[in-house]
Amino acid sequence: MAETTSPMIERTVPRLLMCEPTFFEVSYVINPWMTDHVHDTTSERARRQWDALRDTVSRHADVALQPPVEGLPDMPFTANAGLVFGNTFVPSRFRYPERQGEEAHDRDWFARHGFDIVDLPDTVFFEGAGDALFDRGVSRRLWMGHGHRSDADAAPALARLLDVEVLPLKLSDPRFYHLDTCFCPLANGYLLYFPGAFDPLALALIERHVPPGQRIAVHEHDALDFACNAVNLGRVVILNRTSAELRARLEGAGFMVVEVALDEFMKSGGAAKCLTLRLDEIAGA
Ligand code: ARG
């Protein structure tokens with residue numbers, strides 16, 4: 001009898017980087033979410049929530065771990081380490097000195113794991129996959145947020161370095177200070193986003209490139225629950241919390257929503273997506 005499984009069909013498992021919250025806390029204020037939460041996090045609760053996220057992600061992906069470093073409390077937000085594209089890693093250049101100490105550890109991890117490190121000019125602030133998200137419908141298209149953390153000048157620099165199209169989006173609401181807090185490209189060309197976080201030109205650019213039927217615009221209450229800060233792995237969308245209404249819309253578009261409570265990390269201004277970094281962003285997908 002003929003072999004029924006084809007060697008041509010290879011199932012690729014996504015790979016993500018996470019960093020244990022051993023030293024996580026809010027010890028300074030560099031975004032509005034942190035303002036009322038200095039020394040207000042509980043390490044056991046943060047650990048439990050992070051473990052639940054890692055377990056959930058692990059059901060759909062391989063998780064690599066970066067060692068945490070004492071004195072760098074925001075390291076669990078691996079999305080900000082830099083931008084991965086194929087085998088290339090573009091390290092972040094953090095705007096605030098509080099996070100600049102992470103850069104050497106990130107470079108080191110990626111160099112040791114076989115990535116080619118390619119640098120932006122050192123005059124440009126750029127906060128990695130927190131502000132730079134590949135489109136899931138059009139290959140080699142990168143959406144880049146600027147206005148709070150990353151500089152607009154990072155857009156042409158990334159286009160040159162990676163030979164990709166970069167669509168810059170100016171962010172206008174300080175509560176949504178990284179692009180991944182208000183914008184999430186999903187499988188099959190869908191886009192989950194909060195229109196209120198963008199300036200009018202950015203909104204027009206989004207509307208020009210994403211057809212109305214593919215745009216899932218969320219209301220402010222879902223945006224404030226960090227529903228757009230989602231990890232999308234195939235059909236699965238992992239997020240902190242969603243209203244019943246948004247859940248129904250995502251399910252209507254063919255997604256399966258999994259909630260993982262991450263309120264300890266929201267005190268620092270991040271949730272599911274910020275706590276992960278895709279290591280397998282490929283040129284064609
Ligand atoms: N406290 C961190 C900061 O302000 C949170 C980072 C969240 N990361 C993200 N990709 N949105 O930098």
Side-chain angles (χ1 to χ4, degrees), residues 14 16-61 63-66 68 72-81 99 102 127-131 133 149 175-186 192-194 197 216 218-233 236-244 246-247 250 255-278:
L16 291 92
L17 181 67
M18 295 181 71
C19 171
E20 300 193 30
T22 318
F23 305 109
F24 169 74
E25 62 168 337
V26 177
S27 55
Y28 46 75
V29 176
I30 56 171
N31 71 55
W33 298 83
M34 299 172 97
T35 308
D36 295 326
H37 294 297
V38 175
H39 304 307
D40 176 39
T41 54
T42 316
S43 52
E44 300 75 53
R45 191 173 158 80
R47 161 64 64 173
R48 249 184 290 122
Q49 295 188 343
W50 185 92
D51 283 349
L53 178 65
R54 187 206 41 208
D55 292 349
T56 306
V57 169
S58 299
R59 281 197 268 282
H60 310 281
V63 174
L65 292 178
Q66 180 181 25
L72 295 173
D74 275 335
M75 259 187 97
F77 298 110
T78 50
N80 297 122
R99 292 200 68 180
E102 296 175 35
E127 299 205 352
D131 266 332
L133 299 167
R149 298 295 188 83
R175 297 171 301 174
F176 303 100
Y177 59 95
H178 277 140
L179 184 62
D180 70 0
T181 63
C182 53
F183 184 97
C184 183
L186 300 176
L192 181 65
Y193 74 122
F194 173 52
I216 305 177
V218 313
H219 295 295
E220 190 175 30
H221 59 90
D222 275 318
L224 289 171
D225 280 338
F226 270 11
C228 299
N229 197 248
V231 180
N232 175 215
L233 300 166
V236 176
V237 174
I238 302 165
L239 43 70
N240 170 62
R241 191 160 31 163
T242 172
S243 63
L246 178 57
R247 174 186 286 273
L250 284 165
F255 295 99
M256 195 185 112
V257 182
V258 182
E259 287 177 305
V260 178
L262 293 163
D263 44 90
E264 270 322 274
F265 296 95
M266 288 180 64
K267 294 174 180 173
S268 187
K273 161 64 176 59
C274 313
L275 292 165
T276 66
L277 175 63
R278 266 308 270 262

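The structure presented is a predicted model; accordingly, all values stated were derived computationally and were not measured. In what follows, residues are counted from 1 in the order of the sequence shown.
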Evaluation steps, side-chain contact (heavy atoms from CB on, under 4.5 Å), between Glu259 and Thr56 = CA-CA 9 Å; Glu259 287 177 305; Thr56 306; over 6 Å; no
State, to 0.1 Å, how close Thr181 and Gly269 come at their nearest heavy-atom pair, and which atoms those are.
-> CG2-O, 4.4 Å
Search all heavy atoms of Arg175 against all heavy atoms of Leu224 and return the closest pair with its distance.
-> NH1-CD2, 3.6 Å
Looking at side-chain heavy atoms only, is the closest gap between Met75 and Thr22 below 4.5 Å?
-> no
For residues Val57 and Leu275, determine if any side-chain heavy atom of one lies less than 4.5 Å from a side-chain heavy atom of the other.
-> no
Might you work through the side-chain contact (heavy atoms from CB on, under 4.5 Å) test for His221 and Ser243, ending with a clear yes or no?
-> CA-CA 8 Å; His221 59 90; Ser243 63; 3.8 Å; yes
Which pair of heavy atoms, one from Pro14 and one from His60, lies closest together, and at what distance?
-> CD-O, 3.5 Å
CZ/Phe194 to CD/Glu220 distance, rounded to the nearest 0.5 angstrom?
-> 4.5 Å
What's the spacing between Tyr177 OH and Asp131 CG if we round to 0.5 Å?
-> 9.5 Å
Report the distance from atom CZ of Phe255 to atom CG of Leu186, rounding to the nearest 0.5 Å.
-> 4.5 Å
Residue pair Ile238 / Arg59, side-chain heavy-atom distance below 4.5 Å | no
Taking C-beta and beyond as the side chain, do Leu277 and Gln66 meet within less than 4.5 Å on heavy atoms?
-> no
How far does CD of Glu127 sit from CZ of Phe77, to the nearest 0.5 angstrom?
-> 12.0 Å
Hey, mind stepping through Asp74 and Tyr28 against side-chain contact (heavy atoms from CB on, under 4.5 Å) and telling me if it holds?
-> CA-CA 10 Å; Asp74 275 335; Tyr28 46 75; 2.7 Å; yes
Can you check whether Ser43 reaches Thr41 side chain to side chain, under 4.5 Å on heavy atoms?
-> no
In Å and rounded to the nearest 0.5 Å, what is the CG to SG distance from Leu192 to Cys182?
-> 10.5 Å
Would you call Asp51 and Arg54 a salt bridge, using N to O less than 4.0 angstrom?
-> yes
Counting only N and O atoms by type, is there a donor-acceptor contact under 3.5 Å from the side chain of Asn229 to the main-chain atoms of Cys274?
-> yes
Could you tell me whether the side chain of Leu262 reaches within less than 4.5 Å of the side chain of Arg241, counting heavy atoms only?
-> no
Closest approach of Val237 to Ala230 (non-hydrogen atoms, all atoms of both residues) = CG1-CB, 3.8 Å
Would you call Glu20 and Pro76 a side-chain contact if the rule is heavy atoms closer than 4.5 Å?
-> no
Would you check if the distance from the ring center of Phe24 to the ring center of Phe265 is below 6.0 Å?
-> yes
Return yes if some donor-acceptor pair links the side-chain N/O of Thr78 with the main-chain N/O of Leu17 below 3.5 Å, else return no.
-> yes
Give the C-alpha distance, both sets of side-chain angles, the deciding distance and a yes or no for side-chain contact (heavy atoms from CB on, under 4.5 Å) between Trp50 and Met18.
-> CA-CA 9 Å; Trp50 185 92; Met18 295 181 71; 3.5 Å; yes
Heavy-atom closest pair, residues Ala227 and Leu246 | CB-CD2, 3.7 Å
Heavy atoms only: give me the nearest Val63-Ser58 pair and the separation to one decimal.
-> CG2-OG, 3.6 Å
Report the distance from atom OG1 of Thr42 to atom CD of Glu25, rounding to the nearest 0.5 Å.
-> 11.5 Å
Quick one: are Val218 and Tyr193 in side-chain contact, heavy atoms under 4.5 Å?
-> no
Any donor and acceptor pair, going by atom type alone, linking the side chain of Gln49 with main-chain N or O of Asp263 inside 3.5 Å?
-> yes
Should the ring pair Phe226 and Phe176 be called parallel, tilted or perpendicular, given that the plane angle runs from 0 to 90° and is split at 30 and 60?
-> tilted
Candidate list Asn240, Asn232, Asp180, Leu239, test side-chain contact (heavy atoms from CB on, under 4.5 Å), partner Lys273, passing option = Asp180
